[in-house]
Amino acid sequence: MYQPMLYLHWKQIKLVLIPFVIGSFGLPLLTIQGLGTNGGTTVVEPMTALLSAQSWLTMYPLLAAAVGITLALSAWNWDHQLDHVYSLSLPISRRQYAMMKMGAGAALALLPVAALWMGSLVAASVVTLPAGLHAYPNQLALRFLLGVMISYATAFAFAAGTIRTTVIVLSAVLLYFLGGAAAQSYLAVFIPFFQHHDLVGNTFNVLLTTGPFAVFTGSWVLIDV
Amino acid sequence: MNRAIEIHGLGWRAGRSFALKNVELSVPMGSIYGFLGPNGSGKTTTIRLFMGMMKPDHGHIRVLGMDVPRDMARILARVGYVPERPHVYPALTVAEQMRYHASFFRNWDEGWAREMMDRLELDPDRKISRMSKGETGKLLMLLALSQRPDMLVLDEPTDGLDPVVRRDVLTALLDYVGETGATVFISSHLVHELERICDWVGVLDRGEIVAELPMNQFKNGIKRIKVAGAPMIPVDPPFTILSRQTANGNGTETWVVRGWQDPMRQYFDGVGMNLRDIVDLDLEEGFVELLRSSRPHTSHRS
């Protein structure tokens, strides 16, 4: 059952996934552009090298999020179009079906991750770094893997539900952050507790610094000290 | 008698506009059960409820002796389903869709599926999105039959198909049933089609079951009769009067009756009426009269 489902997902996503794989392989190579190669004689200053590499940093989490979200949305796209009639007529439980579908997408997500890892290894092997700087291809690939999986899992959960459910959940989240921020400002005028405790801001910080989404805001470095 | 489908007190509501009201169904094992009803009467909803795709508001459903929804996966392993609208993945080819479908069904008969594919003239390399409605209909029937199911649930399986494809699909179905003795539950508003193949019939109108009986009783028991000297309210007729029409000025009335048997002629002598004529109605006429009689706004005396 799993293998045909994997094939089904591959058939559906391949035209989008292949550019992602190429992009994932190419991004580390773009990151080291201008830093000099093993065969060359030019070796740039460490600070120049760091700044050059860092100019590409935002691309990695964006790429990870794009890969994860695209895979998740495509996983349910055809089922939504067919009103889930076909999937519900298959002799497996809904939970098992969803898990297999999720597993198929997760397996396909490994392709861009592997491409990025290979691209990073190639980049690390060809670049000539100034003294004191090092390449971290494995760590970058691992962070990319986590980023892809977290964005995939989150988007998959949203995509699995009906449009109504998704709208309700997203509205609740937006209401919490936007409405909560407004309410916080208003209440802080009257209640001292809210002057010292920023509940909405703290939630946001927890999500992005200590929660699973922290992987996107951390250090995406191929080259560092 | 063993029942392939048993439904008791099934209720489901969609807003204010539509509801299934205490639907009772009993489909005998091994029968070909025609589920008749006009468009929008709730046939597809009833099917989706007993296929576990939707949750009823109330009622109890058993399919092949197992509870819905508790045993749904086990039930679906033994049921071939052809839905109202094509539901297969459009980007797959015929062969790919067959492989995908086969992976879920233990009893899938690959040899038989290949034979059916040749017989129905389906190209294995053809993409489903490029197939005609007729070809898609054939593929859906092929998928359902190649599972070797104990029961087939067919929701308007030939709707919109041309006569040649319709014949191919129904022939494949009847061959399978002849070979295996499987139960068939087939919904349609194409009355003539069901008349030829079904041995039981259930009629649904506006979310309510208005009749459920063997096809021969349904076909033979509905008559159009002409009577003279009919009183305003007939005394205890042994049949059900579905409709009454008064002829222009000559004192005769035309009745459509259900549950007719020949010895009932004597009833008219006993109550001082004169039976002038008896005409057999075909299933479609009987179906229309049954629906008319079940609708509250239709007067029995028109």
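Order of the sequence lines fixes the chain letters, A, B, ..., with proteins taken first and strands second; residue numbering starts at 1 for each chain. Heavy-atom basis, side chains included; hydrogens, waters and symmetry copies ignored. All figures in this text were calculated on a predicted structure; none of them were measured in a lab.
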Would one find more than 12 heavy atoms of other residues, nucleotides or ligands at under 6.0 Å from atom [atom1] of [X]?
{"X": "Trp117(A)", "atom1": "CH2", "value": "no"}
{"X": "Met59(A)", "atom1": "CE", "value": "no"}
{"X": "Gln3(A)", "atom1": "CD", "value": "no"}
{"X": "Phe18(B)", "atom1": "CZ", "value": "yes"}
{"X": "Met118(A)", "atom1": "CE", "value": "no"}
{"X": "Glu179(B)", "atom1": "CD", "value": "yes"}

**Report entry** Spacing of Arg99(B) atom CZ and Leu8(A) atom CG [to the nearest 0.5 Å]
**Finding:**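 If I round to the nearest 0.5 Å, the distance is 12.0 Å.
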Notebook entry, point to check: In Å, rounded to the nearest 0.5 Å, how long is the span from CZ of Phe104(B) to CE of Met100(A)?
Noted result: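 One finds 4.5 Å between CZ of Phe104(B) and CE of Met100(A).
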Test side chain to side chain contact (heavy atoms under 4.5 Å, CB included) on Tyr89(B) and Asp79(A) and set out the steps.
CA-CA 8 Å; Tyr89(B) 298 119; Asp79(A) 284 310; 3.0 Å; yes
Is there a side-chain contact between Gln97(B) and Tyr86(A) in this structure, where contact means two heavy atoms from C-beta onward sitting under 4.5 Å apart? yes
(message) Quick check: do Asp83(A) and Arg85(B) have side-chain heavy atoms less than 4.5 Å from each other?
(response) yes
Among residues 68-82 of chain B, residues within the sub-4.5 Å heavy-atom range of chain A, in order of number, are Ala73(B), Leu76(B), Ala77(B), Tyr81(B)
**Asked** Do Ser89(A) and Met53(B) pass the side chain to side chain contact (heavy atoms under 4.5 Å, CB included) test, and can you show the C-alpha distance, the side-chain angles, and the key distance before you say yes or no?
**Response** CA-CA 8 Å; Ser89(A) 71; Met53(B) 293 174 183; 3.8 Å; yes
### Query
Side chain, backbone, both or neither: which part of Tyr7(A) has an atom under 4.5 Å from a heavy atom of chain B?
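Just its side chain gets close to chain B.
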Query - Among the listed options Met51(B), Arg48(B), His101(B), Gln147(B), the residue most often paired with chain A at heavy-atom distances under 4.5 Å - result: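 Of the options given, most contacts go to His101(B).
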